[in-house]
Amino acid sequence: AAPPAPAKNDFDRHTPQTPEFRWVTTMFGDISGFTATTNLLVAIYRGAGLKDTDALQRLSDVMKKTMLPISQIVAKHGGYLDKYEGDLVMVNWGMPRQIVDQEERASACALEIQHFMGRHGQELKKDLEAEYQRLAAGLRPEGRQQLDAATENGTFKPLAMRDGINTARVMVTSIGQ
């Protein structure tokens, strides 16, 4: 079983005070289609006369339903969740803790995230299309034409994860203590 991913405050306890070289595997993941989905949802909500805060709340819910399971998958594979930046996730293996089979763990993690996003992306697509149809009834005709063109007549593209994995020898040390 994979060790639990270290918490952020765990980082300094496992980072050497004296610089050392380590092999670190990093996975970068980016949700493909999220920016387009964001723009479309905001336009749909505005076109239906709803507030931007309503659209932002919906987008926040989408991110939580997407990123929380990804975080759990990362933890399952012993990765250190370095950061989320918008719809980007960055995960390390081998830093702060050294891990012997980090490449295998990173690859297994990426594959599991791909499987999750395949299912989740399709479910989310259906939910967004249903929401579009519900809200589109209240759109002005010119707004409906613009949104139909932008979404291919109310069809959203499913969100997907694009990822890359790299292993490199890096210097690891605690800075600022």
Side-chain angles (χ1 to χ4, degrees), residues 1-42 55-129 155-177:
K8 279 286 186 189
N9 61 2
D10 205 26
F11 190 85
D12 288 330
R13 282 193 299 236
H14 296 281
T15 303
Q17 298 299 312
T18 304
E20 64 181 54
F21 284 112
R22 284 192 193 165
W23 287 97
V24 174
T25 299
T26 302
M27 179 186 75
F28 296 93
D30 177 67
I31 299 178
S32 173
F34 188 76
T35 301
T37 298
T38 297
N39 293 337
L40 287 170
L41 274 178
V42 169
L56 292 172
Q57 184 59 54
R58 178 67 169 111
L59 290 166
S60 176
D61 293 342
V62 167
M63 286 302 289
K64 288 175 187 174
K65 288 179 182 177
T66 304
M67 293 306 198
L68 180 60
I70 288 173
S71 297
Q72 293 167 338
I73 293 168
V74 167
K76 175 182 167 185
H77 293 280
Y80 176 77
L81 184 55
D82 186 287
K83 67 178 166 182
Y84 286 119
E85 191 170 308
D87 61 350
L88 174 134
V89 61
M90 182 175 161
V91 182
N92 292 311
W93 286 264
M95 183 178 76
R97 296 180 180 157
Q98 292 182 350
I99 300 175
V100 176
D101 58 348
Q102 59 197 31
E103 293 90 353
E104 292 84 4
R105 288 176 187 249
S107 297
C109 181
L111 286 172
E112 190 169 342
I113 289 172
Q114 290 294 331
H115 291 329
F116 163 73
M117 286 301 296
R119 292 186 313 273
H120 177 66
Q122 289 298 326
E123 292 167 6
L124 187 58
K125 176 184 184 301
K126 288 178 187 173
D127 289 348
L128 292 173
E129 288 172 354
T155 301
F156 283 75
K157 293 181 181 175
L159 298 180
M161 180 67 80
R162 294 181 298 197
D163 56 41
I165 299 172
N166 187 57
T167 300
R169 190 169 181 238
V170 300
M171 182 189 74
V172 178
T173 189
S174 180
I175 298 174
Q177 290 198 3

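Because only heavy atoms are used, hydrogens play no part in the values below, and waters and symmetry mates are left out as well, while side chains stay in.
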Side chains of residues 113-120: which donor-acceptor pairs under 3.5 Å do they make with residues two or more places apart or in other chains?
residue, atom, partner, partner atom, Å
Q114, NE2, M161, O, 2.7
Q114, NE2, D163, OD2, 2.8
R119, NH1, H115, O, 3.3
H120, NE2, T66, OG1, 2.8

Can I get a per-line list of side-chain donor-acceptor pairs under 3.5 Å for residues 24-36, giving both atom names and the distance, sequence neighbours left out?
residue, atom, partner, partner atom, Å
T25, OG1, Q102, NE2, 3.2
T25, OG1, T167, OG1, 2.7
T26, OG1, N92, OD1, 2.7
D30, OD2, R162, NH2, 2.6

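When the side-chain contact (heavy atoms from CB on, under 4.5 Å) test is applied to E104, the partners found at least two apart in sequence or on another chain are D101. Annotation: side-chain hydrogen bond (donor to acceptor under 3.5 Å, both in side chains) contacts of S71 (sequence neighbours excluded): Y84. Scanning for salt bridge (Lys or Arg N to Asp or Glu O under 4.0 Å) contacts around E20 gives R22, with sequence neighbours left out. Checked against salt bridge (Lys or Arg N to Asp or Glu O under 4.0 Å), D127 has no partners two or more places apart in sequence or in another chain.
No side-chain heavy atom of V91 sits under 4.5 Å from any side-chain heavy atom of C109. Between V62 and L124 there is a side-chain heavy-atom pair separated by less than 4.5 Å. S107 has its side chain within reach of I165: a pair of non-hydrogen atoms, C-beta onward, lies under 4.5 Å apart. By the 4.5 Å heavy-atom criterion applied to side chains, K125 and K157 are not counted as neighbours.
G121 approaches P158 most closely through the heavy-atom pair O-CB, 3.6 Å. Heavy atoms only, all atoms of each residue included: W93 and R105 are closest at NE1-CB, 3.7 Å.
With values rounded to the nearest 0.5 angstrom, M90 atom CE is found 9.5 Å from E85 atom CD. A distance of 13.0 Å separates CD in Q98 from CH2 in W23, rounded to the nearest 0.5 Å. Atoms CG and CE, on L59 and M63 in that order, are 9.0 Å from each other to the nearest 0.5 Å. Here the CD1-CZ distance, from I99 to R97, works out to 8.0 Å after rounding to the nearest 0.5 Å. Atoms CZ and OG, on R58 and S60 in that order, are 10.5 Å from each other to the nearest 0.5 Å.
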